[in-house]
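Down below is the structure, laid out as structure tokens.
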Amino acid sequence: MHEFKYKNNHLYCEAVKVEDLARRFGTPLYVYSYRTIIDHFFKLQSAFRPVDALVCYSVKANSNLAILKGLVDKGAGLDIVSGGELFRALKVECPPEKIVYASVGKTEKEIEEAVRKGILFFNVESLPELESINRVSRMLGKVPRIAIRINPDVEAGTHKFITTGKLTNKFGIDLKSAYKIILLRDKFSYVNICGLHIHIGSQITSPGPFVAAIKKISAFILELKRKGVSLEYLNIGGGLGIVYNQETPQTAQRYARRILPYLKKTGLKIILEPGRFIVGNAGILVTRVLYVKESSKKKFIIVNSGMNDLIRPALYGAYHKILPLRLQGRKFAALQKADVVGPICESGDFLAKERKLPKVKEGDFLAVMSAGAYGFSMSSNYNSRCRAEEVMVVGDRVFVIRKRETFDDLIRNEKIPQFLLGL
Ligand SMILES: *Cc1c(COP(=O)(O)O)cnc(C)c1O
């Protein structure tokens, strides 16, 4: 469910006409629905109430402080993957005991900061990383909790760039090696190995892969129990798919119903790390048509947002619905097939290919739907383009949550050496 709907042929976000936002704030513009974000969070939280799970929102999906603050205030924890995300988490006063930290490449500095703050646990992705955490925490005289990220070697049935639970992926530790590490845990006296973690990929639309992974890991937990190893936490990651086009993803309820029996059997405290599920359909990217270009072979709708604003189509061949902010009066307005492309100097700079769209003309506004996750957070300044403005709608109120960048922002950290200035 989301709060972007047509009323009287105009697209609305909650009670606000999106076209008014486009005119007031300019484009490209990210528009988020606060209610949708919070609704998705509560849906997951209530589905997993039977195990009293802690839902740690995955910051990388959309790391805007307002979104983090909104979720943290409702009781969410945060799943972070860098020192920068730890900084954001602490900025919004997320209690450290609700922060979990994954990443295959944590630096000693990042580890030290997280140990000092007393986060809930590290999701550890390799033996050398475990040694590194052990070394840092000995120096600090602390004993942080850690969960071993298991690579369960299951197919997630999603795009290969967002599959993370196969042994050919860089993530996690295979079961055999994890077993060895856990049995040798006395060697690592400055870490408390108290949990396991899995995250098998993203945009997974059926429960099968989750069930397969959780079956494997719960068997592993029982095996450890027999060896006298008792754990406290099971972090089942994120990865829940959403509707971009024709997908029929599992609901939070169905997902929970399928895996709760296994989770209950472990008796462990359950952590979830949803990103896309919470913010994906809670945001759109609003763009304006600059030109309609027709060649003998093709029609191009050239818009003022490109791969620097939303890289998912270029990176994953991802599909995003594209809708006009204003529907034409005639119900069956003629459709035309066109590529919707940005202004960037790359052939990969497209938002849609061979897409059937109602006729558009210069100056029209379009909404790129389902752009709330991995949209702004993956955006860049490529082609020296200023990153978009972000606004959040709450009922009939509108808040700017990130100002549009300026040209001065683009060069803020750059320096021309004196010798080039002839000084
Ligand atoms: C990216 C990521 C998530 C969130 O994935 P979604 O598909 O957005 O739910 C959760 N956990 C880890 C470790 C991740 O890297």
Side-chain angles (χ1 to χ4, degrees), residues 37 40-41 43-45 47-48 53-64 67-68 71 76-82 84-86 89 98-106 114 119-126 129 146-152 156-166 169-173 195-207 209-210 213-214 217 233-244 247 249-252 255 259 270-283 312 315-316 318 370-378:
I37 294 170
H40 289 168
F41 167 67
K43 278 204 172 107
L44 257 188
Q45 199 186 44
F48 283 87
L54 173 64
V55 178
C56 292
Y57 165 68
S58 183
V59 172
K60 74 178 190 289
N62 188 321
S63 48
N64 187 289
I67 290 175
L68 302 184
L71 286 164
L78 296 175
D79 158 43
I80 61 168
V81 293
S82 70
E85 289 191 353
L86 176 61
K98 286 186 175 179
I99 298 175
V100 294
Y101 187 173
S103 156
V104 295
K106 306 174 186 81
I119 63 167
L120 178 56
F121 55 74
F122 290 95
N123 294 311
V124 170
E125 311 231 15
S126 66
E129 182 197 329
I146 70 129
I148 304 277
R149 176 166 181 177
I150 301 291
N151 184 321
T158 184
H159 190 281
K160 64 181 193 299
F161 285 4
I162 49 177
T163 291
T164 57
K166 289 291 290 173
N169 304 129
K170 67 179 175 180
F171 301 97
I173 299 175
L196 296 179
H197 172 223
I198 39 172
H199 172 70
I200 57 173
S202 199
Q203 185 54 15
I204 301 169
T205 49
S206 72
F210 293 115
I214 285 165
I217 205 153
Y233 299 97
L234 173 58
N235 179 349
I236 62 170
L240 286 167
I242 61 166
V243 179
Y244 284 99
E247 301 90 340
Q250 66 277 295
T251 60
Y255 174 55
I259 63 173
I270 305 298
I271 315 285
L272 278 78
E273 302 173 325
R276 192 187 309 272
F277 181 85
I278 292 189
V279 291
N281 280 322
R312 298 190 68 258
L315 192 58
Y316 312 126
S370 316
Y374 308 105
F376 189 93
S377 65
M378 283 184 140

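These numbers come from the heavy atoms of this one structure, side chains and all, not from hydrogens, waters or symmetry mates. What you see is a predicted model, and the numbers here were worked out from it, not measured in a lab. Each ligand, and each atom within it, is numbered from 1 in the order the structure gives.
- Protein heavy atom closest to atom 8 (O) of ligand 1, with residue, atom name and distance, is Tyr374 OH, 2.5 Å.
- In terms of polar-atom proximity, defined here as any N/O pair under 3.5 Å, Phe277 makes no such contact with ligand 1.
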Side chain to side chain contact (heavy atoms under 4.5 Å, CB included) between Val100 and Ile119, worked out
CA-CA 7 Å; Val100 294; Ile119 63 167; over 6 Å; no

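- Of the protein's non-hydrogen atoms, Glu273 O, 3.1 Å is the one closest to atom 10 (C) of ligand 1.
- Under the 30°/60° scheme for interplanar angles, the aromatic rings of Phe161 and His159 are found to stand perpendicular.
- Those atoms of ligand 1 with a heavy atom of Gly238 less than 4.0 angstrom away are 9 (O), 10 (C).
- Using a 4.0 Å cut-off between heavy atoms, Asp79 contacts ligand 1 through its side chain alone, with no backbone atom that close.
- The shortest N or O to N or O distance between Arg149 and ligand 1 is not below 3.5 Å.
- Residue Gly239 places a heavy atom less than 4.0 Å from ligand 1.
- Side-chain atoms of Tyr57 and His40, non-hydrogen and from C-beta on, never get closer than 4.5 Å to each other.
- Atom 4 (C) of ligand 1 has as its closest protein heavy atom Ser58 OG, 3.3 Å.
- Without hydrogens or angle criteria, His197 side chain to Arg149 main chain gives no donor-acceptor distance under 3.5 Å.
- No donor-acceptor pair under 3.5 Å is formed between the side chain of Ser58 and the backbone N or O of Glu273.
- Only the side chain of Ala102 comes within contact range of ligand 1, with a heavy atom under 4.0 Å; no backbone atom does.
- Both tests do not hold together for Lys106 against Phe122: distance to the six-membered ring centre under 6.0 Å, angle to the ring axis within 45°.
- Protein heavy atom nearest atom 7 (O) of ligand 1, with residue, atom name and distance: Ser202 OG, 2.3 Å.
- When atom types are taken as modelled, the side chain of Glu85 and the backbone of Tyr101 share no donor-acceptor pair closer than 3.5 angstrom.
- Contact atoms of ligand 1 toward Pro274: 9 (O) (distance under 4.0 Å to a heavy atom of the residue).
- If you check each of Lys60, Glu125, His199, Gln203 against atom 15 (O) of ligand 1, the one with the closest non-hydrogen atom is Lys60.
- Formation of a donor-acceptor pair under 3.5 Å by the Asn62 side chain with backbone atoms of Gly372 is found in this model.
- Under the 3.5 Å distance criterion, the side-chain polar atoms of Ser377 are matched with a main-chain donor or acceptor of Ala61.
- The shortest N/O to N/O separation between Arg276 and ligand 1 falls below 3.5 Å.
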